[in-house]
Amino acid sequence: MYFSKLFVPTSRQDPSEAELISHKLMIRSGMIKKTAAGIYNWLPFGLKVLKKVETIVRTNLNNFGAQEILMPMVQPAELWKESERYDQYGKELLKFQDRSERDFVLGPTHEEIMCEIFRSYAISYKDLPINMYQIQTKFRDEIRPRFGVMRAREFLMKDAYSFDIDSSSMEKSYVNMKNAYISIFNDIGLDYRIVKADAGNIGGDVSEEFHILADSGEDLLAISDSSEFAANVEVLNYDKDPSELDGSKSPDGKGKLRIKRGIEVGHIFQLGQKYSEKMSANLKDSSGKDINVYMGCYGIGVSRIVAASIEQNHDDKGIIWPYSIAPFHVNVICLDPSKEEVLKECESVYQILKDAGHEVLLDDRDIRAGNKFTENEILGIPFSIVIGPRNYANNKYEFNSRKTNEKLELNIDEIKQILEEQK
RNA sequence: CGGGGCAUAGCGCAGUCUGGUAGCGCACCUGGUUUGGGACCAGGUGGUCGCAGGUUCAAAUCCUGCUGCCCCGACCA
């Protein structure tokens, strides 16, 4: 992609609306643009990152046996009345009417629709387990949306639902999804923790959260320094200031608790029969008896991961993308594109790397060098290659790492080698 | 929903107290000089001062009502 053809409206000033660093940087790097409180546009650069996260999520879930579907965002209120969440869910549930005054809601989650799908077919216990997911825009009318896409009203979520014949197979489905999540978050490559969690108003007995660690995280996590114990402090029923937990004995008796801040990006639940009872999502077991299906549900805040990544990885110059979700892998910075021989050399390097399967940006804009360097840093592209009149005839190129700030003189094969190792 | 703040050019802001021809920086456009770390000089475009009423000879400025946005809290993936 040629930079001159990309719409990336960067800004050198912090927006007045933003407080959080990820929010500021997402606006300054031209990734997002707000339309209303908690409602955002994803511009080309931001969308590239969002799609990267989406692809990692999709690929892993498919590998772990889940099947992608797409459910409607607009849902009839009747289903929500049936599950009794029409009144319970609270004002976060956006309600409205169509032209003939029928009640609808804008989907904040899809247990009701999922049950409706399940119960409308004659499904045998032999068909189970079934696990279906979607990656879709959700709407929750937050009391106070804030921090950009971190806590938006409209946001991109992956939600998955598993169906099993009994409790023990539901647990197997749950563990399978937990493993899928571990694989997803390992692939993304951010520092994360899995903690015991409060199931909140989704319901169910067992639930765990995936948190990306960051000092700005809204959740406090209590993590043992010498065992597997890790929990959201919400579940500890501790009546004092949670920061006092730091250094106290771990509930499992092993080691001391350390308090860390996290951003919740995934939450998995064993729902049991909570929804299937209310919604009559049944099937027959091997003895012919009607059973309410055992469900699990599994969420990932896809758009939130983008912001959380920036919270965890940035410096005073801008974003630092992990290779896995970077909008581009390498930026070929052409310092004087008006000189034909320089531009030719840049295009040649660009093409070679592209042909080798890397995602390359060519900054061919006829602007000052400093602007290109500074924007490259704000945008956080992992590697850059600087080619100018001074060094274009060389067979060595200036190769820079955004993360380490390292500057190397490398030939094209050495560069290919390094990029190959990142995959 | 309670408390606090803000709304003036694309962005960031001053001007409001004390009413009297709407300004600054950045961005953008023209020309020139520059050209490896957000260049410089000269010129230029761009505003129903959030909206609706009111007071006044005169309102960005004073009064009333409304709307939107931000922060703190309660709440929540």
Side-chain angles (χ1 to χ4, degrees), chain A residues 9-20 23-24 27-28 30 33-40 88-93 107-111 136-160 195 197-204 207-212 217-219 232 234 262-269 297-305 307-308 317-318 333-339 342 363 365-379 384-392 397-398 400 405 407:
Chain A
T10 59
S11 157
R12 70 173 67 190
Q13 279 165 320
D14 276 337
S16 62
E17 73 189 47
E19 193 78 2
L20 214 60
H23 189 191
K24 288 179 182 173
I27 292 169
R28 287 193 53 202
K33 154 95 184 114
K34 185 174 68 179
T35 282
I39 297 176
Y40 287 86
Q88 283 170 11
Y89 203 92
K91 285 190 163 178
E92 278 191 30
L93 183 64
T109 176
H110 282 66
E111 283 81 9
Q136 187 215 33
T137 298
K138 293 283 187 282
F139 192 92
R140 296 182 186 174
D141 200 358
E142 288 281 335
I143 294 168
R144 184 150 87 87
R146 60 188 123 171
F147 306 143
V149 300
M150 189 76 86
R151 178 174 297 287
R153 292 195 290 174
E154 190 178 302
F155 60 101
L156 191 65
M157 183 173 177
K158 185 286 301 173
D159 49 322
V195 302
D198 178 10
N201 80 17
I202 301 286
S207 90
E208 290 170 287
E209 291 169 345
F210 286 67
H211 282 262
I212 288 173
E218 289 190 90
D219 287 311
N232 192 315
E234 290 167 1
I263 299 164
E264 183 188 346
V265 290
H267 201 158
I268 56 179
F269 303 82
C297 76
Y298 316 89
I300 288 181
V302 177
S303 44
R304 182 179 278 181
I305 287 175
K317 292 174 180 163
I333 300 177
C334 185
L335 287 191
D336 196 347
S338 64
K339 287 198 172 62
V342 178
D363 195 342
R365 296 172 301 167
D366 196 8
I367 57 174
R368 298 178 70 83
N371 285 284
K372 295 189 187 186
F373 294 145
T374 310
E375 284 199 9
N376 180 63
E377 282 155 354
I378 291 172
L379 295 174
S384 61
I385 299 169
V386 180
I387 299 174
R390 206 192 269 176
N391 66 351
Y392 78 94
Y397 301 99
E398 179 185 320
N400 305 286
N405 227 4
K407 190 178 280 194

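Computed from a prediction, not measured in an experiment: that's the story for all the values here. Every chain is numbered from 1, with letters handed out A, B, ... down the list of sequences.
Rounded to an integer number of Å, the gap from Lys91(A) NZ to A74(B) P is 18 Å. In this structure, the CZ atom of Arg304(A) is 14 Å from the P atom of C76(B), given to the nearest Å. As a whole-Å value, the separation of Ile143(A) CD1 from C70(B) P is 15 Å. Atom pair Glu142(A):CD and C70(B):C1' shows a separation of 16 Å (rounding to whole Å applied). Atom NZ of Lys24(A) and atom C1' of C71(B) are 13 Å apart (whole Å). The distance between atom CD of Glu92(A) and atom C1' of C75(B), rounded to the nearest whole Å, is 8 Å. Rounded to whole Å, the distance from CG on Leu156(A) to P on A77(B) is 18 Å. If you measure from atom CZ of Phe147(A) to atom C1' of C72(B), you get 10 Å, rounded to the nearest angstrom.
C70(B) and C29(B) are spaced 31 Å apart, taking the P atom of each and rounding to whole Å. One C1' atom belongs to G65(B), the other to G10(B), and the distance between them is 31 Å to the nearest Å. C69(B) sits 32 Å from U18(B) when the P atoms are compared, rounded to a whole Å. Taking atom P on both G53(B) and C75(B), the two are 42 Å apart, rounded to the nearest angstrom. Straight-line distance between the P atoms of U30(B) and C13(B): roughly 29 Å, to the nearest whole Å. Rounded to the nearest Å, the gap between the C1' atom of C28(B) and that of G12(B) is 16 Å. Nucleotides U61(B) and A22(B), compared at atom P, are 13 Å apart to the nearest Å. Annotation: G5(B) and G44(B) have their C1' atoms spaced 37 Å apart (nearest Å).
Between the side chain of Asn391(A) and the backbone N or O of Val386(A), at least one donor-acceptor pair lies under 3.5 Å. Using a distance-only test at 3.5 Å, with no hydrogens or angles considered, a donor-acceptor pair links the side chain of Arg153(A) to the main chain of Ala37(A).
Pair assignment for U30(B): A42(B), on the basis of Watson-Crick or G-U wobble contacts that are both within less than 3.5 Å. For C49(B), there is no paired nucleotide, since no Watson-Crick or G-U wobble pair has both relevant distances below 3.5 Å. Nucleotide A59(B): unpaired (no Watson-Crick or G-U wobble partner with both distances less than 3.5 Å). The partner of C17(B), taking Watson-Crick or G-U wobble pairs whose two distances both stay under 3.5 Å, does not exist in any strand shown. Pair check for A22(B) finds none; no Watson-Crick or G-U wobble contact set falls under 3.5 Å.
Side-chain nitrogen and oxygen atoms of Lys34(A) include at least one within less than 4.0 Å of the OP1 or OP2 phosphate oxygen of C70(B). Here Arg151(A) does not reach the OP1 or OP2 of C76(B): none of its side-chain N or O atoms lies under 4.0 Å away.
Comparing Val302(A) and Arg144(A) along RNA chain B, the residue whose closest nucleotide (by nearest heavy atom) sits nearer the 5' end is Arg144(A). Residues Ser303(A) and Pro15(A) each lie close to RNA chain B; by heavy-atom proximity, the contact nearer the 5' end of the strand is made by Pro15(A).
With values rounded to the nearest 0.5 angstrom, Asn376(A) atom CG is found 4.0 Å from Ile333(A) atom CD1. Here NZ of Lys339(A) is found 10.0 Å from CG of Asp366(A). Values are rounded to the nearest 0.5 Å.
A salt bridge does not link Arg390(A) to Glu398(A): none of the charged nitrogens lies less than 4.0 Å from a carboxylate oxygen.
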(request) Classify every nucleotide of nucleotides 24-37 of chain B by which part a protein heavy atom approaches to under 4.0 Å, writing B for the base, S for the sugar-phosphate alone and - for neither, in 5'-to-3' order. (result) -BSS------B-BB
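At a threshold of 4.0 angstrom between heavy atoms, the contacts of Ala36(A) are confined to the sugar-phosphate backbone, with no base atom among them. Residue contacts shown for Leu93(A) are absent, as no nucleic acid heavy atom lies under 4.0 Å away.
Within 3.5 Å, no donor on the side chain of Arg146(A) pairs with an acceptor on the base of C71(B), nor the reverse. Side-chain to base pairing of Arg28(A) with G38(B): one donor and one acceptor N or O lie within less than 3.5 Å of each other.
When each of Ile300(A), Ile212(A), Val302(A) is paired with Val265(A), the side-chain contact (heavy atoms from CB on, under 4.5 Å) condition holds for Ile212(A) and for no other. Shown are Glu218(A), Met150(A), His211(A); of these, the side-chain contact (heavy atoms from CB on, under 4.5 Å) with Ile263(A) is made only by Met150(A).
Take Tyr298(A) and apply the ring pair (Phe, Tyr, Trp, His ring centres under 6.0 Å) test, not counting sequence neighbours, and it matches no residue.
Using a 4.5 Å heavy-atom cutoff, the side chains of Asp219(A) and Glu234(A) are in contact.
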